[in-house]
Structures are given as structure tokens and as C-alpha cells.
Amino acid sequence: MNYQARTALFIVSGLGFLCFYIWGLHGLPGLGHYPGPYGNLINSLTVYERHATDAVTAVNFDYRGFDTLGEEFILFASVMGANLLLRKQKDDREEDPPLDRAQDRVVPPTSDAIRVTGLALVLPIVVFGLYTISHGQLTPGGGFQGGVILASMPLIIYLCGDYKAFDRVTSHVLSEVTEAVGAGGYAVAGLISIAFGLNYLTNFIPLGQTGDVLSSGTILLISVLTGLEVAGGLVVLMIAFFRQTLVYRKADDESRGQDEPSRQ
Amino acid sequence: MNQAASEFLRMLPFLVAAWLFVVGLYGIVTSRHLVHLIMCLVVVQTSTYLLLLGVGYKIGAAAPIFADIPVGTPAVDPVTHALMLTDIVVEATVMALLLALAIQAEERAGSVDPEQLRIMRG
């Protein structure tokens with residue numbers, strides 16, 4: 001199908017979609033008139049039933065924990081898929097490495113301001129990531145958000161250093177193990193509740209005092225496991241993408257006779 | 001405020017969601033570059049955020065965090081927030097998977113234009 005025909009087909013079907021959508025909107029309760037009892041029920045029960053003050057995290061890791069397990073494995077599968085696609089393959093590039101198209105382009109050195117700000121941010125980011133993971137049951141946060149914050153630490157180091165510095169603070173094996181432990185641990189946490197004679201992923205750890213960090217039972221445990229998985233998975237992804245770029249760069253550096261690897 | 005305007009405002013998030021969905025889809029259909037196509041897919045996905053938040057919103061309600069407000073205060077639906085949260089993280093990794101596919105397509109077929117990717121090879 002050519003370009004014009006495709007666009008024409010799209011415009012017709014897009015208009016059709018819009019008509020049906022607006023027609024469908026008339027059956028919805030309007031904005032701000034939430035109809036369902038489910039959300040209200042969870043809001044009023046979270047603190048009593050789970051000793052967690054953040055209803056969103058309670059939904060994620062407890063009430064709908066099984067759904068989050070599935071979502072976590074989507075994440076796991078796509079990280080594995082990206083890794084598989086970006087692996088070093090025998091048949092590409094070995095004989096004829098492509099060169100950088102702008103050989104005489106000078107890579108500007110990292111400015112001191114970025115170095116200083118970046119390095120000053122490294123530790124606060126780690127602490128903030130751990131805080132976000134461990135306080136997910138109390139205030140907005142949890143494993144997903146905290147994991148992403150933790151994974152941004154190596155990126156900051158890359159920004160204010162170079163790939164070598166990034167390579168030193170990350171370990172491919174370690175981040176893969178972290179990811180696997182996080183993903184597998186979530187599933188195992190569910191199995192432990194079966195061993196206690198409860199349903200899969202039922203809260204089996206003592207709930208503790210509402211408002212404490214060590215409260216709300218398995219919500220905290222699963223939050224930490226999810227944090228490990230997200231942080232590990234993102235670092236695995238970064239390493240895979242960086243390696244992909246470095247194949248081009250190495251060829252470039254050799255042809256220019258430079259020793260230190262330049263950044264893209 | 002008159003009736004028509006309030007009716008329009010009532011539907012605004014859902015209309016913006018529809019607009020984002022359609023405009024992202026338009027980008028996908030007419031895309032000439034795989035990276036552009038992936039970004040358009042992200043635009044399509046952002047429409048789900050608006051839709052979910054719009055469904056869960058309650059007038060005058062607080063965020064569903066009871067750390068500093070008493071239990072029983074009207075709060076918005078936490079389920080839609082939880083859905084959105086996982087949605088964002090999963091979206092980021094799925095985007096990485098798609099970008100990896102784009103890199104492979106560039107290597108295998110020598111092009112990132114979807115028009116040029118007609119040949120299937122094993």
C-alpha cells in the first residue's frame with residue numbers, strides 16, 4: 001500500500017474512531033464523579049487491613065499483587081529481549097567495522113560544572129532511591145520509582161565521566177543477578193504464603209505499627225524486590241546499549257590512533 | 001458557567017486522551033523513521049495515562065496517601081494510579097526493546113525507513 005492510500009485509510013478510520021469514542025463518552029460518568037466502590041473501599045481499608053498509608057503501593061504490591069507480578073515479568077521479558085537483540089553476533093561488523101561519519105569532529109570535553117554537580121549528586125541519588133524503595137508503603141514511592149532512581153546513578157557517573165567510569169561502577173553479571181533475584185524473589189514470596197497455608201501472595205509477615213518503616217508486611221518485602229529488579233534491569237539495558245555504541249567508537253578510535261575512548 | 005461549557009470540561013481529559021491516541025497513530029502510519037515511529041507509540045501510550053487518571057478522579061478529593069490526612073478523607077481511586085505507575089515503567093523497558101529492534105533492522109536491512117523494510121529474511 002502506498003503512502004497516500006495509507007494516509008487516506010488512516011484519516012477515514014481515525015474519524016470513525018473519534019465518532020464512536022465521543023459517542024461512547026456519553027455513557028461514562030463525567031470527570032470527577034467516580035462511580036465505583038472498589039477504590040473507595042481500598043482507600044478506607046488500607047490503613048486498617050495492611051497498616052500501609054500509601055493506598056497506591058498497597059494496591060500494587062498487595063491487593064493486586066498478582067497483576068503486578070505479571071507486569072514485572074513484562075519488564076523482565078523486554079529487558080531480556082533487548083539484551084538478546086543487542087548481543088554481539090558473529091556475522092556483523094567483524095570484518096568491516098563502520099567508521100564514524102565525521103572523523104574530524106572533536107568531542108567537547110565535559111565541563112567542570114557538570115562534573116562537580118554530577119559527582120555531588122551521586123550519593124544523594126543512591127540514598128533517595130533507597131529511601132523511596134523502603135518508604136513506599138508510607139508515602140508516594142515504592143520499588144518501581146526507587147528502582148529507576150537507583151539506576152540513574154550509573155548514568156550520572158557516565159555523564160560526568162566517561163564510559164570507563166560507567167564500566168567501573170556497573171557489573172553486567174551483578175546487575176543481571178540483581179534483576180533475576182528481584183523478579184524471582186517476587187514469585188517466591190508468593191509461594192511462601194502458600195507454604196503458610198494462605199492464598200498466593202497473601203500478606204504473611206506481621207504488619208507492624210502503622211507509620212513505621214518496617215510495617216505492612218510483604219508490601220515492604222515485595223517493594224524492595226521490585227526495586228532490585230527495576231534497578232538491575234535498567235542497568236542491564238544501559239550496558240547493552242552502551243556496548244552497541246562502543247563497537248562503532250572503537251573502530252573510530254583505532255583509525256584516529258587515540259588511546260582514550262571518546263564519548264559519543 | 002453555562003451548560004455547554006461545563007459539559008465540555010467534563011469530557012476534556014477524555015477528549016485529550018483521544019486526541020493523543022489518534023495523533024500518535026497518525027505518526028505511526030505516516031512514519032518514515034523507526035525511532036520516530038517508536039516515539040509516536042509512546043505518544044499513543046500517554047493517552048492511557050489521561051484516560052486512567054480521568055476515570056479515577058473525584059472532585060475535591062485528596063491523593064490516596066493517608067500518611068498526613070485522616071482515614072476517611074475523600075481520596076481519588078488508587079487502583080488507576082497503581083495501573084499508571086506500572087504502565088510508565090513497563091513502557092520505558094518496552095521502548096528499549098523496540099529501539100533494540102530498530103538497531104537490528106538498521107543492521108540487517110540497512111535502513112530505518114519502514115517503507116524500505118519489506119524484505120523478510122531468516
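Naming: A, B, ... by sequence-line order, numbering from 1 per chain.
Interatomic distance, A/Asp54 CG to B/Phe66 CZ, rounded to the nearest 0.5 Å: 9.5 Å. The CG atom of A/Asn40 sits 7.5 Å away from atom CG of B/Asp77, with the distance rounded to the nearest 0.5 Å. The line from CG of A/Leu237 to CE of B/Met95 is 10.5 Å long, rounded to the nearest 0.5 Å. With values rounded to the nearest 0.5 angstrom, B/Gln104 atom CD is found 6.5 Å from A/Leu86 atom CG. A distance of 11.5 Å separates CD1 in B/Ile28 from CZ in A/Arg6, rounded to the nearest 0.5 Å.
Residue B/Leu85 touches chain A through its side chain alone, counting heavy-atom pairs closer than 4.5 Å. The parts of B/Leu101 that come within reach of chain A are both its backbone and its side chain, each placing non-hydrogen atoms under 4.5 angstrom from that chain. With a 4.5 angstrom heavy-atom cutoff, A/Leu84 does not touch chain B via any of its atoms. Only the side chain of A/Leu234 comes within contact range of chain B, judged by heavy atoms closer than 4.5 Å. For A/Tyr48, the part lying near chain B is the side chain, with the backbone staying farther off; criterion is any non-hydrogen pair under 4.5 Å. Heavy-atom distances place both the backbone and the side chain of A/Leu75 under 4.5 Å from chain B. For chain B, the nearby part of A/Val230 is the side chain; its heavy atoms alone come within less than 4.5 Å. The contact between A/Gln145 and chain B is made entirely by side chain atoms (from C-beta outward), counting heavy-atom distances below 4.5 Å. Of the two parts of A/Leu25, the backbone and the side chain both hold a non-hydrogen atom closer than 4.5 Å to a non-hydrogen atom of chain B.
Contacts with chain A were tallied for B/Val71, B/Leu15, B/Asp68; B/Val71 has the most, counting heavy-atom pairs under 4.5 Å. Of all the listed residues (B/Ile88, B/Val55, B/Leu98, B/Thr73), the one sharing the greatest number of non-hydrogen pairs under 4.5 Å with chain A is B/Val55.
In this structure, B/Ile103 and A/Leu85 have side chains that are not in contact, with every pair of non-hydrogen atoms separated by 4.5 Å or more.
Atom CZ of A/Phe10 is surrounded by more than 12 heavy atoms from other residues, nucleotides or ligands within 6.0 Å. Counting non-hydrogen atoms of other residues, nucleotides and ligands closer than 6.0 Å to CD1 of A/Ile22 gives a total above 12.
The minimum heavy-atom distance linking B/Val79 with A/Val59 is given by the pair CA-CG1, 4.2 Å. Considering every non-hydrogen atom in both A/Ser78 and B/Leu97, the closest pair reads O-CD1, 3.7 Å. Listed here is the closest heavy atom pair of A/Gly39 and B/Pro78: O-CD, 3.7 Å. Nearest heavy atoms, A/Tyr34 versus B/Gly56: CD1-CA, 4.0 Å. For the pair B/Pro64 and A/Asn43, the tightest heavy-atom approach, listed with the atom from each and the gap, is CB-OD1, 3.4 Å. In plain terms, the two heavy atoms of A/Tyr21 and B/Ala17 that are nearest each other are OH-CB, 4.0 Å.
Using a 4.5 Å cut-off between non-hydrogen atoms, the part of residues 63-71 of chain A that approaches chain B consists of A/Thr68, A/Glu71.
The aromatic ring centres of B/Phe21 and A/Phe17 sit less than 6.0 Å apart.
Among residues at least two apart or in separate chains, side-chain hydrogen bond (donor to acceptor under 3.5 Å, both in side chains) pairs with a member in residues 29-41 of chain B are B/Ser31-B/His36.
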